[in-house]
Number of protein chains: 2
Amino acid sequence: MPTASRPSLRTAAASARSASLADVAALAGVSTGTVSRALSRPGMISEATRTRVMEAADRLGYVVNGAARALAMRRTKTIGAVVPRFGSSSFPAMIQALESTLAEEGYTLLLSAPEGRRAQQPDILRAMLERGVDAVALLGTDQPPAVLAMLAANRTPFVQMWAPPGSGSDAVGFDEHAAGAQVVAHLAALGHRRIGFVGGHSRDSERARLRFEGVAWALARYDMALDERAFIETEYGFAEGFAAMQTILARRVPVTAMVFGTDYLAAGALAALDQGGVAVPRALSVASFNDNDFAAYLHPPLTTVRLPIREIGEAAGRLLLARLGGQPFELPVLKVELIVRASTGPA
Amino acid sequence: MPTASRPSLRTAAASARSASLADVAALAGVSTGTVSRALSRPGMISEATRTRVMEAADRLGYVVNGAARALAMRRTKTIGAVVPRFGSSSFPAMIQALESTLAEEGYTLLLSAPEGRRAQQPDILRAMLERGVDAVALLGTDQPPAVLAMLAANRTPFVQMWAPPGSGSDAVGFDEHAAGAQVVAHLAALGHRRIGFVGGHSRDSERARLRFEGVAWALARYDMALDERAFIETEYGFAEGFAAMQTILARRVPVTAMVFGTDYLAAGALAALDQGGVAVPRALSVASFNDNDFAAYLHPPLTTVRLPIREIGEAAGRLLLARLGGQPFELPVLKVELIVRASTGPA
DNA sequence: TTGTATGCGTTATCAG
DNA sequence: CTGATAACGCATACAA
C-alpha cells in the first residue's frame, strides 16, 4: 500500500521541473492541502502559516499548474472566441472590449482567427473545447450545425456576437436592418431617388446581408430605386472600394447618392471620386457605416451610421460571465446613431 | 488495495459529464490505453480495433480533456500573446498572422490585450503561465524585469514582436531607425530643409521612440531642422492627427513638409490641412508610416513607408514553433519599403 | 486550523 | 498489438 508520502525524488534535484504545491509545502513545513488553501482561500488559514506559505511560494517562484487545477476543478477560467477574417475588419475593437471585460473577472481569452477555408471548419471549435474553455463567443448566427451540436454535447455556454438579438439563443448585436433603413431614409428626405450600394458579400456575411436588407426595405418604403449597375458586392477594403467606385463611374450610372457597407469601402470610393473629379456631396452624396468614424476625418462631408462595435464585445463578455455565474443577464439595447455632417439633395 | 477496476459509477448515469476515455473504452470493449493510442498514434494499433474505437468515440461525441492531457504530457499546444492597446492600432494584422501560422501546427493562441494601467502588470503573464502556455509572444523589448524573470524561472520560450532584432534575445521586427531615416532622406532629396513631426509618445512606445530617433538622425545627417513648434507627440488616431495639425497650422510654423508616425495620424492631419485650405503636396509635403496603405486611397499624393507588420506575426510564429521543436531558426530580414506617389520640393 | 487521501482524465511504461 | 497501472499536480471531503 503506497500510504507513506514518498519524498518525491525531485525534492532533491533542485529545479528539474518548476515548483509544485508539494515543493512549497515542504519548504513551508506544512501539507499540500494547507498550501492549496492558503493560496486560494486565505480566510480558512491562520495568519501565521499563511504568511509562511506565501513566502515559500514566491521564494520558489511558484505558479499554479492550471492543467492540474482544471482537472480537479473542472473549470479553466478561459473563454474561447472564434472570429473569422479578424485581421482586416472592425472586429479587433470588439475583441479588445471582450477581453477587457473578461479580464476583470480573471478570465483569459483563447482566440481563433481563421482565414479562408479554415473559417468554416468545426475543428476550430473542437480545439477550443479540448482546451477546456468554460464558454465560447462566436461571430454571428451563421454557424455550421456541427458547431452547435458540439457545444450542446459539451454543455458549453456560448454567445453569438454581432448577431441579430432575439433569435432565441444568446446573441448580442444591434439592429442591422434598422441601420440600413436609417441611411436610406435620410437620403430619401433629401430628395434622392436613385442610389447605388457597395457592400460586403451577403453570401458570406450575415451582417452584410441584414444591412442590405434594411437598405432594400427602405428603398421600397420610400419609393426609391437601387440602380443595378451601381450595386456591387465585394470584399471589405480600401482597394475594393476604390475599384468598385471606378467601375461604377465608368458605367456612368445616373445615381445621385452612394451607400457603402463600411467606411473602408467608402474611403476607397472617395479617393476614386476625387480622382474622377466628382464633387462630394455636391454632385454625389456618400454615406456609410462605421465604428471608428475615421472616414469623417478623411472626408468630412460624409454621412455615417456609427455602429456600437466595442459595446458588442463588452456585452458579450458580461453575458458569458453572468451565465457562468448563474446570474441573470439582461441584454442591453445597442443603439446605432446617424451622424450627418453635410449632405445635399440630388444635384 | 484498490486494484480492481471500479466500474465507475457514472458509466451508468448516461451523460452526467461529457464522455471520457474510459467511456469510449467501455463502449469499444478495450482498455483506456488502447483508446488513447488509437486516437493519437493510429499507426500502433490494429486496423480493426482502431475503427471500433473511432466509432465509439464519435458516437459518444468524445472530446479529449486537454487539462488531463496537459498534465500528463507537460504541454498544452497553446501559445500566449500579450499585446497592449491592441484594439486601436495595427496590431490586429500582426496577431492574425501569428495565429494563422501557429494554427498550421495545431497551436492555439491565448490572447491578452491589456488597456491602460493593466498593461504593465506582470499578473498578465502569470495568468498565461498558469494556463500552461508552451511559449509566449510579447510586444517589444520594453518588458518589466519581473516579466523576464518569470519567463526564465518557468523556462518558457518567448519572442519579442515588433522589436529591434539583434538585441540578444529572440526578437523579430524591422529597422525602425532606417525607416525613419528613409523618409527624411527622401524629403532632403526634394530640397526640404525645415520639417515637422507628429508621432506617438516615445515614452510609452519603444517603436515610436526608435522611429523618431531615425528621423532625428537623418535630420542631422542631411543638415535639416525639426521645427520644435511643429513637433507633437500624441496618441495614435485620426482625431489626434487632426488636432495636432490644427495646432501646428495655428502656430503658422514655416515648415515645408510634415512627417507622421502612422497613417492614422496622417489621415487626420490631411483632413485638417484640407479644411485649412493647404494644398498637399504643393504647399506642404506629407509623409507617414503604415502597413495597410490606406492613406494612399484617401489622399494619393502622399509618401509612405510601408511597414511589414503581418510579416512580424508570421515570423514570430515560425520562430516559436522552431524553438519548441528544437529546430534551428533563422530570422528573416523584414524590409520596409518607401512608396512615393507624388511629392514636390518646398513651395 | 491542519493533515490525509482520493479523484480528476490522459499518457507512458512495462509486461504479456 | 494490447492491457494494467503508475505518474501528472491540484482541490477537496473527511478526519483529527
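Lettering of chains follows the sequences in order, A, B, ..., and the numbering in each one begins at 1.
- Taking atom CZ of B/Arg52 as the reference point, atom C1' of D/dC1 lies 13 Å away to the nearest angstrom.
- A donor-acceptor contact shorter than 3.5 Å links the side chain of B/Arg131 to the backbone of A/Lys77.
- The distance from atom CG of A/Leu71 to atom P of D/dA7 is 17 Å, rounded to the nearest whole Å.
- Residues A/Leu109 and A/Ile95 are in side-chain contact: their nearest non-hydrogen atoms beyond the backbone lie under 4.5 Å apart.
- Counting heavy atoms from C-beta outward, A/Met161 and A/Leu98 have side chains that approach closer than 4.5 Å.
- Residue A/Ser46 places at least one side-chain N or O under 4.0 Å from the OP1 or OP2 atom of C/dT2.
- Rounded to whole angstrom, the span from the CE atom of B/Met44 across to the P atom of C/dC14 amounts to 13 Å.
- Atom CD of B/Glu47 is separated from atom P of D/dT2 by 11 Å (rounded to the nearest Å).
- The shortest distance between side-chain heavy atoms of A/Pro92 and B/Gln96 does not fall below 4.5 Å.
- Rounded to whole angstrom, the span from the CG atom of B/Asp23 across to the P atom of C/dG9 amounts to 8 Å.
- The side chain of B/Ser20 contributes no N or O atom lying less than 4.0 Å from OP1 or OP2 of C/dG9.
- A heavy-atom distance below 4.5 Å is found between the side chains of A/Leu138 and A/Phe158.
- As judged by a 4.0 angstrom heavy-atom cut-off over every strand, B/Val30 is placed among residues touching the sugar-phosphate backbone only.
- One atom, CG of A/Asn65, and another, P of C/dC8, lie 18 Å apart when rounded to the nearest Å.
- For the pair A/Glu55 and A/Arg52, the salt-bridge criterion is not met [side-chain N within less than 4.0 Å of a carboxylate O].
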Protein proximity profile, nucleotides 11-16 of chain D - base contact B, sugar-phosphate-only contact S, no contact -, cut-off 4.0 Å on heavy atoms: BBB---
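- One atom, CG of B/Leu39, and another, C1' of C/dG9, lie 13 Å apart when rounded to the nearest Å.
- The side chain of B/Thr49 approaches D/dT2 more closely than any other nucleotide in the set C/dG3, D/dC8, D/dT2.
- A donor-acceptor pair is defined here as one N or O able to donate and one able to accept, closer than 3.5 Å; such a pair exists between the side chain of B/Asp134 and the backbone of B/Thr76.
- For B/Arg74 and C/dA12, the CZ to C1' distance is 12 Å, given to the nearest whole Å.
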